[in-house]
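So the structure is just underneath, and the comments pick up after that.
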Amino acid sequence: MITNLINKYLISTRSYLSSGILFILLISSSIAYRQTGQLDIWFSLFCFTIIFQNFCFAYLLNSYLDYLTGSEYVKSEMDRTLFKHITLGQLRGFIKVPLILNVILLVITYRWKGLDTLLMIACFDLLQIIGVCIYSPSKHYAMGHLVFSFVHYINIWIFYYSNTKQFPSFNSSDPFIYYSFYFLPVILQSIHANYHRDIENDKKSGILTIAILLGKKFSLVYYFLLYIGGLIYLIFLMIKFNNIFFLLPFATLSLINELYGNIDLLNVQTTKIHFFSLFLFSIAILLGGKK
């Protein structure tokens with residue numbers, strides 16, 4: 001029975017998608033190492049477990065809020081709320097689990113790394129939780145993609161701090177701000193693929209996304225503009241830091257090309273592009289990134 005309950009929890013939180021956080025860990029660690037020469041892999045992996053709890057909380061809360069607002073229904077929306085696998089009562093119970101685990105992990109942080117580290121990680125943690133809480137309401141005002149990107153961008157801050165015990169610098173002379181900015185078009189493209197897929201369902205549910213505002217045709221145009229914008233930014237980085245390795249993510253062009261005439265692959269290909277781009281970008285930083 002316990003095994004079955006754990007399995008339902010993992011399914012309802014879509015835990016299999018959390019592997020994407022590891023690519024953010026890779027980028028942040030690459031930046032930290034190139035800028036400071038410091039790495040704290042064990043604490044970074046520990047912070048991954050904190051972020052994972054927020055990730056689980058996000059999916060559970062999003063499903064529950066959409067149910068309460070009438071955007072999704074137990075009997076009709078099997079895929080998105082996963083009521084095919086769990087009951088509404090189980091969903092309410094599951095929502096408490098990541099919050100409880102989060103508190104336990106913060107206590108461990110204090111015992112392991114001290115008060116200063118606890119306060120910083122707790123601040124990042126709180127920012128993410130606030131972002132998670134306002135994500136569902138923001139989807140009704142075409143702001144969901146911005147909140148989603150902000151919540152994920154905080155992951156870079158957390159992992160940078162976990163490695164260096166320093167707050168990320170946003171000084172224009174610091175490479176961090178330039179390197180981390182590449183993450184934004186990548187994550188915006190990722191969430192937009194979902195919005196484009198769900199245009200019809202979201203319309204029926206009263207959700208207003210940027211994909212609905214643009215319409216199907218221009219929604220795709222926007223999707224490809226995000227990708228092209230990311231490539232242009234890589235060229236800018238190559239010139240600014242004299243690092244030809246920043247062109248490595250151009251290898252994802254082959255994945256984009258596979259979408260020609262087969263838009264049904266949009267979500268699958270976007271996931272591949274997302275992971276492959278971040279992996280190659282991390283290699284570029286390690287091979288030629290400047291302090």
Side-chain angles (χ1 to χ4, degrees), residues 5-18 20-21 49-106 122-155 158 187-188 190-214 219 267 270-271:
L5 197 61
I6 292 174
N7 186 50
K8 285 185 176 183
Y9 177 78
L10 293 176
I11 291 174
S12 63
T13 57
R14 294 171 172 87
S15 56
Y16 58 90
L17 293 174
S18 63
I21 304 173
T49 65
I50 296 176
I51 293 171
F52 176 71
Q53 302 313 317
N54 293 340
F55 183 96
C56 293
F57 179 63
Y59 274 102
L60 294 167
L61 184 66
N62 182 58
S63 294
Y64 187 59
L65 290 179
D66 283 348
Y67 168 76
L68 290 180
T69 58
S71 298
E72 298 184 11
Y73 304 92
V74 174
K75 293 182 179 180
S76 63
E77 298 294 340
M78 297 300 189
D79 176 61
R80 293 161 68 190
T81 56
L82 296 179
F83 284 118
K84 179 180 180 180
H85 303 282
I86 63 174
T87 65
L88 183 59
Q90 286 175 327
L91 176 59
R92 292 195 189 101
F94 284 164
I95 289 175
K96 303 171 187 176
V97 174
L99 294 177
I100 294 171
L101 291 176
N102 215 321
V103 171
I104 294 173
L105 291 169
L106 289 176
C123 285
F124 289 144
D125 195 25
L126 181 60
L127 277 176
Q128 275 203 322
I129 291 175
I130 291 173
V132 165
C133 290
I134 66 176
Y135 172 68
S136 285
S138 70
K139 288 192 300 182
H140 294 267
Y141 302 96
M143 298 291 287
H145 58 296
L146 299 179
V147 176
F148 182 89
S149 299
F150 173 71
V151 168
H152 280 72
Y153 191 72
I154 293 174
N155 291 335
I158 294 175
I187 196 64
L188 282 170
S190 180
I191 186 62
H192 190 75
N194 290 327
Y195 287 162
H196 183 80
R197 176 199 62 191
D198 295 335
I199 284 180
E200 296 304 322
N201 284 332
D202 286 342
K203 281 182 180 179
K204 295 175 184 177
S205 301
I207 294 174
L208 182 64
T209 64
I210 188 170
I212 292 174
L213 286 177
L214 293 173
S219 173
N267 276 77
T270 301
T271 300

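Rounded to the nearest 0.5 angstrom, D198 CG and K204 NZ are separated by 11.5 Å. Atom CD1 of I50 sits about 12.0 Å away from atom CD1 of I104, to the nearest 0.5 Å. The CD1 atom of I199 sits 11.0 Å away from atom CD1 of I210, with the distance rounded to the nearest 0.5 Å. One distance of note links OH of Y141 with CD1 of I207; it measures 12.5 Å at 0.5 Å rounding. How far CD1 of I51 is from CG of L105: 11.5 Å, rounded to the nearest 0.5 Å.
Heavy-atom minimum distance, I191 versus L188: CG2-O, 3.3 Å. Between T270 and S190 the shortest heavy-atom distance is CG2-CA, 3.6 Å. Closest approach of P98 and C56 over heavy atoms only: CB-CB, 4.3 Å. Summarising the geometry of H145 relative to Y195, their closest heavy-atom pair is N-OH, 3.5 Å, with the distance given to 0.1 Å.
Judged as a side chain to side chain contact (heavy atoms under 4.5 Å, CB included), and not counting sequence neighbours, the contacts of C133 are F57, L61, I129. Scanning for side-chain hydrogen bond (donor to acceptor under 3.5 Å, both in side chains) contacts around N155 gives Q128, with sequence neighbours left out. Residues meeting the side chain to side chain contact (heavy atoms under 4.5 Å, CB included) test with L208, sequence neighbours left out: A142, I212, L213. Taking the ring pair (Phe, Tyr, Trp, His ring centres under 6.0 Å) definition, one finds that F150 meets it with nothing, sequence neighbours left out. Residues passing the side chain to side chain contact (heavy atoms under 4.5 Å, CB included) test with A58, sequence neighbours excluded: V132. Among residues two or more places apart in sequence or in another chain, the ring pair (Phe, Tyr, Trp, His ring centres under 6.0 Å) test is passed with F94 by Y9.
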* Start with the C-alpha gap between V103 and L99, add the side-chain angles, then the distance that decides, and say whether side chain to side chain contact (heavy atoms under 4.5 Å, CB included) holds. => CA-CA 6 Å; V103 171; L99 294 177; 5.9 Å; no
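With hydrogens and angles ignored, the 3.5 Å screen pairs no side-chain donor or acceptor of H196 with any backbone N or O of A211. For H192 (side chain) and S219 (main-chain N/O), a donor-acceptor pair under 3.5 Å exists by modelled atom type.
Taking the six-membered ring for Trp and thresholds of 30 and 60 degrees, F148 and Y135 have ring planes inclined between 30 and 60 degrees apart.
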